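Below is one structure, written out as structure tokens; the observations come after it.
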Amino acid sequence: MASVTSPFTTTNASFLLRPNSQTHQSSQPQDHHRVQLNRRQFISQSAAVAAAIASPLTLIDQRPAVAAEEALSQWERVYLPIDPGVVLLDIAFVPDDPQHGFVLGTRQTLLETKDGGATWFPRSIASAEEEDFNYRFNSISFKGKEGWIVGKPAILLYTPDAGETWKRIPLSAQLPGDMVYIKATGDQSAEMVTDEGAIYVTSNRGYNWKAAVQETVSATLNRTVSSGISGASYYTGTFNTVNRSPDGRYVAVSSRGNFYMTWEPGQAFWQPHNRAVARRIQNMGWRADGGLWLLVRGGGLYLSKGTGITEDFEEIPVQSRGFGILDVGYRSQEEAWAAGGSGVLLRTTNGGKSWIRDKAADNIAANLYSVKFMEGNQGFVLGNDGVLLRYLG
């Protein structure tokens, strides 16, 4: 151990405490005061020496822990003013103002931020509170200052002014299924998807909708019993997940996870696909390079070979600790994050070829359901019990 030099030596301290023999009789009160003062100084300085000697050891012990915390994660948890038990379902920011955004979820949860997601405050929409429904807000999307929200029971909200005001748009009672996804596509235009596979488009603020597919998924599958799709002959369920690519293609997983379906603009029907893996599918989505990722129940992750729609996948080893992986979000073609049950958080920096576990959320008793990256460096992970993680970059 390196030696430590004290600001004063023991010899000097002893000298200060030694009375002057020549003046002891004539100045006893003064010397006695001096001895008492110096004794206090000695105690104080001795404590300083002890602290000086101990401090390098303390720093040596603490530095690895501090460094580990600093290198632990690129995420921070943001605490929200909501009740426990709320599941966060979607998040979006106004393109014209990246600091201004909204997050939504179950129990009619709608929060707003104006500082990039560092702090949030509740928003209420009068038209959504007129009825005795506890809406589940499923999806939100912005294009310019125009924004859309869909939820369950059937509700459609529209804003022309970046969320300052929201107007409820009436919907037909004949709408097949529950609205699970909406995408703002242009001026007064949007694309909406239900869990039964209906896709509708509007170009007049939602007052009229046109079907983009000719029939629901169940109708397609029950009509094509001989298609060879496992589960098609007795299909009565709905979509479990729906994900859209930037160029408008969709991939959706059946509620039982035994097959998946795809749709591209211009196609009249959804196209069914057998799963290429033994375990049932949990979720699917699009990589930044245009390929597909696939998650299976129990924690497996697969990537499609090449880009585009395919049934050819290869498994990628991941350390999910036995918990299911629920979603993947790509920040760039090289960097992506996967999230799942019991705070599982994984990162890749090579397009998904290998993944490392980030322990940031290990102590968070929540399932992480969704990974969202926006333009620039904005990213969020959404979970149950109101858990929101913010990407720091």
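If you're wondering where the values come from, they're calculated on a predicted model, not measured in any experiment. Heavy-atom basis, side chains included; hydrogens, waters and symmetry copies ignored.
- Between the side chains of Q271 and T262, not a single donor N or O lies within less than 3.5 Å of an accepting N or O.
- Note on M261: it does not cluster hydrophobically with F269, by side-chain heavy-atom contacts below 4.5 Å among ILVMFWY residues.
- Distance check, rounded to the nearest 0.5 Å: CZ of R287 to OG of S304 gives 4.0 Å.
- Using modelled atom types and a 3.5 Å distance limit, the side chains of Q74 and Y391 yield a donor-acceptor pair.
- Here the straight-line distance linking atom OH of Y135 with atom CD of Q108 works out to 7.0 Å at 0.5 Å rounding.
- Criterion: ILVMFWY side-chain heavy atoms under 4.5 Å apart, direct or through other members. Under it, Y330 and I325 are part of a common hydrophobic cluster.
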Discussion item. Before you tell me yes or no, could you show the steps for F142 and V94 under side chain to side chain contact (heavy atoms under 4.5 Å, CB included), namely the whole-Å CA-CA distance, both residues' side-chain angles and the distance that decides it to 0.1 Å?
Written reply: CA-CA 6 Å; F142 280 93; V94 181; 4.0 Å; yes
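- Take D83 and apply the side chain to side chain donor-acceptor pair (under 3.5 Å) test, not counting sequence neighbours, and it matches no residue.
- F380 has its ring centre less than 6.0 Å from the ring centre of F93.
- Across W148, W209, Y250, a single residue satisfies side-chain hydrogen bond (donor to acceptor under 3.5 Å, both in side chains) together with E191, and that is Y250.
- Partner W337 forms a side-chain contact (heavy atoms from CB on, under 4.5 Å) with one of L345, L346, V328 and no other, that one being L345.
- In terms of modelled atom types and a separation under 3.5 Å, the side chain of Q282 and the main chain of V296 share no donor-acceptor contact.
- Hydrophobic clustering (ILVMFWY, side-chain heavy atoms < 4.5 Å, transitive): W270 and Y260 are in distinct clusters.
- Residues I316 and T348 form no side-chain contact, since every pair of their non-hydrogen atoms from C-beta on lies 4.5 Å or further apart.
- Residues E146 and Y158 form a side-chain contact, since some pair of their non-hydrogen atoms from C-beta on lies under 4.5 Å apart.
- Note on L221: it clusters hydrophobically with I199, by side-chain heavy-atom contacts below 4.5 Å among ILVMFWY residues.
- A tilted orientation is assigned to the rings of H100 and F102, their planes being inclined by 30° to 60°.
- Side-chain atoms of T307 and D289 form no donor-acceptor pair, as typed in the model, at a separation below 3.5 Å.
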